[in-house]
Amino acid sequence: MQLHDIRSAELDGKRVLLRVDFNVPFFEGKISDTTRIQKTLPTIQYILEQGGYPVIASHFGRPKGQFNLEFSLSQLVETIESIIQEKIIFFSDIYNQAKLAKKGISLLENLRFYSGETDNDASFSRQLACWGDIYCNDAFSVCHRSHASMVGITKILPSYAGIHLQNEINQIDALLGGNNHPSMAIIGGAKISTKIAVLMNLTQKMDTLIIGGAMGNTFLKATGHKVGTSLVESDHVETANKILQLAKENSCQIALPIDACVSDNINHASNARNTDINSINEFEAIFDVGPKSIESFRKIICSSKTVIWNGPLGAFEYVPFNKATLEVGKIVAENTQSGKIQSIVGGGDTIAALSPHNIINEMGYVSTAGGAFIEYLEGNPLPGIEALRLRNEGTL
């Protein structure tokens, strides 16, 4: 999908209300991961180079429409300035523009301090519009939200996609809709229920789906395996069967684990053992994919040209149940770096699992979006993107 992006706008002397996602991990007064700030740098720098003045707007945490200093964006100013290498004027009240001038970079207080943001309130959208001459959305990770700063604002100001937003769409579209076959997706995580539409959509687009994580347990149960005390969504066993049938109809291969790393308790690493999928004791639970499965997945990955990954393959927070995610991550990274495959990785848990080991930096593209990435993989139109598209077409 090609939107009108900020590079097609006249910016000289204009204030640009720039919606970003600075909802970064924050602990004990420090940002632990600045990736989301780094990703929007090209758009900020482009606006400045063209003589424009960014007025940055973001949410941070879940203050639920109430002023709460714990979620104030003022805490991020110093770090943002060090990354952008520019001074920032911070505005603590969106309803007070007394100090606003056509110069430099401004940062507005947390949008979600105002209930009008999440309610997509028309009057709040008008208030936001007072801060800019044009609007730019560079927050793909929030595009699944029908909020004032994503949707309502586009009805008031000339609206454009940011460089990061357009790049994110281009990357995902290229892998989902391209002709670079064989193509495959690795889908992990805990629950089928959160990824039913993703799985159904991908069976129609991918040549192979590798399914792991706790959701893999439900598929194993659906195919007649005994999985002991493993986490299983019993009410979605039939859903798993429907997905398996849909994959068969679409000639999409489903690859499930053939062995597993099991234990009687997730905290009992000393009791962990690798076993064939048919030899799990009734008091044991699957916490990771086993070495034979990793090797099987390696062959699929190495024979593919396109890889999309969302969701870890095991309980990565607990050693040794992080092994499969790391090993498969290395396989995808090595093949990406050698130019054999194109890869895109998305989802907070997947990134969290791979980042400490620097594997994430060797992937083709890393999407910082969570829910928006999932919904885009489902094939659903995202409200924030649809609003830009309709505005561009003049039908909004």
Side-chain angles (χ1 to χ4, degrees), residues 168 170-189 192 194-216 218-220 223 240 243-259 277 288-314 316 324-347 349-351 353-354 359-360 362-367 369 373-374 376-379:
E168 190 107 355
N170 291 347
Q171 293 287 341
I172 300 173
D173 282 352
L175 295 191
L176 281 178
N179 295 314
N180 212 5
H181 294 276
S183 61
M184 62 159 296
I186 304 168
I187 304 296
I192 291 179
T194 61
K195 295 181 180 177
I196 294 172
V198 171
L199 292 165
M200 288 186 167
N201 189 43
L202 290 178
T203 61
Q204 301 171 63
K205 296 180 179 293
M206 300 286 111
D207 297 305
T208 305
L209 292 186
I210 289 175
I211 299 177
M215 76 164 63
T218 305
F219 277 89
L220 289 171
T223 52
I243 292 169
L244 290 168
Q245 180 58 36
L246 184 62
K248 185 176 181 180
E249 292 170 2
N250 288 298
S251 300
C252 175
Q253 176 191 353
I254 298 286
L256 298 175
I258 56 177
D259 66 341
I277 212 69
D288 199 12
V289 165
K292 292 180 181 177
S293 300
I294 294 171
E295 188 56 36
S296 173
F297 296 165
R298 175 193 295 275
K299 292 177 182 177
I300 297 170
I301 293 166
C302 291
S303 64
S304 298
K305 293 184 178 179
T306 299
V307 176
I308 295 173
W309 188 354
N310 178 264
L313 295 173
F316 72 93
T325 300
L326 295 181
E327 288 300 312
V328 170
K330 290 174 184 177
I331 296 166
V332 174
E334 288 169 3
N335 281 272
T336 300
Q337 290 299 306
S338 66
K340 293 179 181 177
I341 65 172
Q342 292 179 298
S343 62
I344 182 168
V345 177
D349 284 345
T350 318
I351 294 171
L354 299 177
I359 299 171
I360 201 72
E362 298 181 349
M363 299 298 180
Y365 188 79
V366 179
S367 173
F373 183 76
I374 290 292
Y376 205 79
L377 290 184
E378 289 176 359

Inset, instruction - Test K195 against N310 for side-chain hydrogen bond (donor to acceptor under 3.5 Å, both in side chains), laying out the working first. - result: CA-CA 10 Å; K195 295 181 180 177; N310 178 264; 2.8 Å; yes
Inset, instruction - Please round to the nearest 0.5 Å and tell me the distance separating atom CD1 of I359 and atom NZ of K330. - result: 5.5 Å
Inset, instruction - Measure across V332 and I341 and return the closest heavy-atom pair with its distance rounded to 0.1 Å. - result: O-CD1, 3.6 Å
Legend entry - Exercise: identify the closest heavy-atom pair between C302 and I331: SG-CG2, 4.4 Å
Inset, instruction - Can you see which heavy atom on V289 is nearest to which on F297, and at what distance? - result: CG1-CE1, 4.0 Å
Legend entry - Distance-only donor-acceptor check, side chains E168 and Y365, under 3.5 Å: yes
Legend entry - Gap between atom CG of L354 and atom CD1 of I360 - 0.5 Å precision: 4.5 Å
Inset, instruction - Please report the closest heavy-atom contact between I254 and A247, naming both atoms and the distance. - result: CG1-CB, 3.6 Å
Legend entry - Side-chain heavy-atom pair I374, T194 within 4.5 angstrom cut-off: no
Inset, instruction - Report yes or no: does T336 contribute a side-chain atom to a donor-acceptor pair with the main-chain N or O of M363 at less than 3.5 Å? - result: no
Inset, instruction - Using atom types as modelled and distance alone, determine if a side-chain donor or acceptor of S367 lies under 3.5 Å from a backbone N or O of A369. - result: yes
Inset, instruction - In sequence, state the C-alpha distance, the side-chain angles, and the governing distance for I351 and V366, and then conclude on side chain to side chain contact (heavy atoms under 4.5 Å, CB included). - result: CA-CA 8 Å; I351 294 171; V366 179; 3.6 Å; yes
Inset, instruction - Would you please say whether a donor-acceptor pair under 3.5 Å links the side chains of Q253 and D207? - result: no
Legend entry - Sidechain-backbone polar pair: N201 side chain, A197 backbone, donor-acceptor under 3.5 Å: no
Inset, instruction - Report yes if some heavy atom in the side chain of C252 is under 4.5 Å from a heavy atom in the side chain of T208; otherwise report no. - result: no
Legend entry - K340, Q342, R298 screened by side-chain contact (heavy atoms from CB on, under 4.5 Å) with N335, the one that passes: K340
Legend entry - Salt-bridge criterion met for E295 and K292 (N-O under 4.0 Å): no
Inset, instruction - With rounding to the nearest 0.5 Å, note down the distance linking CG in D259 to CD1 in I294. - result: 8.0 Å
Legend entry - Interatomic distance, I308 atom CD1 to L176 atom CG [nearest 0.5 angstrom]: 4.0 Å
Inset, instruction - Check for a donor-acceptor pair, side chain of T350 on one end and backbone N or O of G311 on the other, with a separation under 3.5 Å. - result: yes
Legend entry - Distance, nearest 0.5 Å, that separates CG of L202 from CD1 of I186: 12.0 Å
Legend entry - Student check: side-chain heavy atoms of I187 and I210 closer than 4.5 Å: no
Legend entry - Minimum heavy-atom distance K305-H181, with the two atoms named: CD-O, 3.2 Å
Legend entry - Nearest heavy-atom neighbours spanning F373 and W309: CE2-O, 4.2 Å
Inset, instruction - Would you mind telling me which of S183, P182, S304 makes a side-chain contact (heavy atoms from CB on, under 4.5 Å) with M206? - result: S183
Legend entry - I211 CD1 to L199 CG distance, which is reported to the nearest 0.5 Å: 5.0 Å
Inset, instruction - Answer yes or no: is there a side-chain heavy-atom contact under 4.5 Å between M200 and I196? - result: yes
Inset, instruction - Ignoring hydrogens and angles, tell me if any N or O in the side chain of S293 forms a donor-acceptor pair with the backbone of I258 under 3.5 Å. - result: yes
Legend entry - Close side-chain approach of M184 to I300, heavy-atom, < 4.5 Å: yes
Inset, instruction - Indicate yes or no: at least one non-hydrogen side-chain atom of V328 is less than 4.5 angstrom from one of L313. - result: yes
